[in-house]
Enquirer: 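Structure in structure tokens, see below.
Atom set for the values below is all heavy atoms of this structure, side chains included, hydrogens, waters and symmetry mates excluded.
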Amino acid sequence: MSNALTPTDAARMPATFNPLKQVGDILAQPAVKRSLPFLFLVGLVAAGWLAWSMVATSPQRILFANVTDSDKAAITSALQGANIAASIDDSGSITVAEDQYHKARMLLASQNLPKAAPGGYAILDQLPMGVSRAVEGERLRQARETELARSIEEIDSVAEARVHLATPEASVFVRDHAEPSASVILKLQGGRALSEAQVRSIVNLVASSVPGMQPDAVTIVDQMGALLSKAGAGAGGNSLGDTRIDFQRRIEDKYRTQLIQLLTPLIGAGNFTAEVQADVDLDENQATRESYDKQGGVIRAEQGAWTGTSKDGNPQPGGIPGALSNTPPPASTLVAPNAQGQAANTTPPAGATPPGTPPVTQKQSDSFARTFETGKEISVTRAVPGNVKRLSVAVLLREEPGKPRGTVEIAQINELVKAAVGFNAGRQDQVTVISRKFSAPAEAAAGGPAWYDAGWVPLVARNATALVIVLLVLFLGVRPLAKALLKKREDVAHRPALAIGAPDDGAAPVAQPPVSIDMLQQGGNGYDDRVGLVRGFTRDNPARAALAVRDMIRADAQ
């Protein structure tokens, strides 16, 4: 028995596999051809729906990032209960539609979500036993950063805060000694800003919380990347130049506010502009003055001696005053207690000096050296900085077209301005008031802000784009297909049935009724009639005719 392939067997073997040919054969089938328009219509509708969903859907915005799985479940459940669609992106962040962002934030804030993970010094409670010193140090630094961030977030203008501390390891070598530093990033509330005093307070707060940290080593940045802290701002505040400029600005704002409050009821808002330039003396002066009293004098020291003789002829001691205090007192006289009556009636004799009476001395000569005190007065004067040395005020009034302001009116306004700012001719103050026509603002000249900058433009553009896509699908895809299908049906319905047999002399074919199976079975009067019936049946029922031909071929092959 031979295994060689005959030419007939080789012809019956399948050809090389060709996917494109098989797909073409599938598409060439009559059933597939008839369903192609429907499939194309479904594809167009699906493409339009996809385009609509991509354009009409509001863009997503991250609601919370880096939250725990328990917080994700709680947040998703709360948002679904409020009919707010939420999703979780590839990074694990929870996102919502941009137009639902603020509503979702308020809803979750009312429910105290997300519940913050253990932070601050609570992290230290979760330390397992036996951790290394490096891990313990990192946990301590993380706890300190979290607590500092929470303290900074208590400030009204700060929405979120993050603190990064760089604390080098302590070293016994001086050359390896490094100072600690800190970086703070702040997310401010919408439309809010931090003042210089608030920035200094944050700098001092962070520097005071870390041992050995200097205020100059603290850097503060906002969410826009702007540097808020300045060199030397933590230790002694702003530099001297910034202090002068800030003080001068406050003085000018004070006078400008006074002018606005004075002129607004008189002229009207927007009908004038006022500018103030103040020359402020910020130098601190201290003076000391001494003055002497030239009229009277006060003895500061006296040195000398004098001599004299008493009236009874007894010489009196002389010398330096004060020497008598060193001599012993005279002998005392005792009186008996029972001699009171006798002592009361006893009177001294005439010419005798009563006991206890000091002797009378007559000065004969004296010699003194006296030094007088000179009167002196010391006065210390300290001038506080902040006095205005010179003030310049300029006021521009709006002049209506065809209605110039009079000289008297301008003079009255000039006097009012002088009174409002405290005009002082001694310090050469200057006040100027003029009236001129105002030029139109740039926005008014351009017709206001551009229409494409309005808030409703993105929403209208998104909806209009989606509507245009739908219309293009309907008019360019659905409408031509529908018209083609309707036309095909009309052609089939109105197709005239050809007459059995050929027409004679070019005459128009006569419409005949459709040929049925019964008519074929009955047959005709002759061969030509039967051929005409077969043609008519094949024309009216091509599918059934094809099946009949296929059965005939198979029967012949058998």
Enquirer: Tell me every residue that passes side chain to side chain donor-acceptor pair (under 3.5 Å) with Ser87, counting only those two or more places apart in sequence or in another chain.
Expert: Thr95
Enquirer: Phe272 vs Leu396, test: side-chain contact (heavy atoms from CB on, under 4.5 Å). Steps then yes/no.
Expert: CA-CA 5 Å; Phe272 69 94; Leu396 178 61; over 6 Å; no
Enquirer: Look up atom CZ in Arg200 and atom CG in Leu194, then write down how far apart they are to the nearest 0.5 Å.
Expert: 12.0 Å
Enquirer: Above 12 or not: heavy atoms from other molecules or residues under 6.0 Å from CD of Gln223?
Expert: yes
Enquirer: Give the intermediate values and the outcome of side-chain contact (heavy atoms from CB on, under 4.5 Å) for residues Arg144 and Leu165.
Expert: CA-CA 9 Å; Arg144 187 174 297 167; Leu165 299 179; 3.7 Å; yes
Enquirer: For the CD1 atom of Ile155 and the CG atom of Leu205, what is their distance to the nearest 0.5 Å?
Expert: 7.5 Å
Enquirer: Which atom names give the shortest non-hydrogen contact between Pro180 and Ala217, and what distance separates them?
Expert: O-CB, 3.5 Å
Enquirer: When rounded to the nearest 0.5 angstrom, what is the spacing between OG in Ser392 and CD in Gln428?
Expert: 10.0 Å
Enquirer: Please examine the side chains of Leu228 and Val221, heavy atoms only from C-beta on, and report whether any two atoms are closer than 4.5 Å.
Expert: no
Enquirer: Test Leu391 against Arg427 for side-chain contact (heavy atoms from CB on, under 4.5 Å), laying out the working first.
Expert: CA-CA 8 Å; Leu391 195 64; Arg427 60 186 184 188; 4.3 Å; yes
Enquirer: Does the distance from a Lys or Arg side-chain N to an Asp or Glu carboxylate O, for Asp429 and Lys418, drop under 4.0 Å?
Expert: no
Enquirer: Name all residues meeting the salt bridge (Lys or Arg N to Asp or Glu O under 4.0 Å) criterion together with Glu252; count only those two or more places apart in sequence or in a different chain, and write none if there are none.
Expert: none
Enquirer: Residues two or more places apart in sequence or in another chain: which of them pass side chain to side chain donor-acceptor pair (under 3.5 Å) with Asn414?
Expert: none
Enquirer: Give a yes or no on whether a salt bridge exists between Asp253 and Arg250, defined as a side-chain N under 4.0 angstrom from a carboxylate O.
Expert: no
Enquirer: Looking at Thr76 and Lys72, would you say the former's side chain and the latter's main chain have a donor-acceptor pair under 3.5 Å?
Expert: yes
Enquirer: Considering non-hydrogen atoms only, spot the tightest contact between Val158 and Gln189 and give its length.
Expert: O-NE2, 4.0 Å
Enquirer: Say you draw a straight line from OG1 of Thr407 to CD of Gln412; how long is it, rounded to the nearest 0.5 Å?
Expert: 11.0 Å
Enquirer: Mark yes or no for whether Ser229, through its side chain, and Ile220, through its backbone, hold a donor-acceptor pair below 3.5 Å.
Expert: yes
Enquirer: Just verifying a value: how many Å separate Ile260 CD1 and Ile267 CD1, rounded to the nearest 0.5 Å?
Expert: 11.5 Å
Enquirer: Ser435 and side-chain hydrogen bond (donor to acceptor under 3.5 Å, both in side chains): which partner among Glu399, Glu409, Arg398?
Expert: Glu399
Enquirer: Tell me, with the steps shown, if Val395 and Leu397 meet side-chain contact (heavy atoms from CB on, under 4.5 Å).
Expert: CA-CA 6 Å; Val395 179; Leu397 306 177; 3.8 Å; yes
Enquirer: I'd like to know if the side chain of Arg141 reaches the main chain of Glu136, judged simply by a donor and an acceptor atom lying under 3.5 Å from each other, with no hydrogens or angles considered.
Expert: no
Enquirer: Return yes if some donor-acceptor pair links the side-chain N/O of Gln261 with the main-chain N/O of Gln258 below 3.5 Å, else return no.
Expert: no
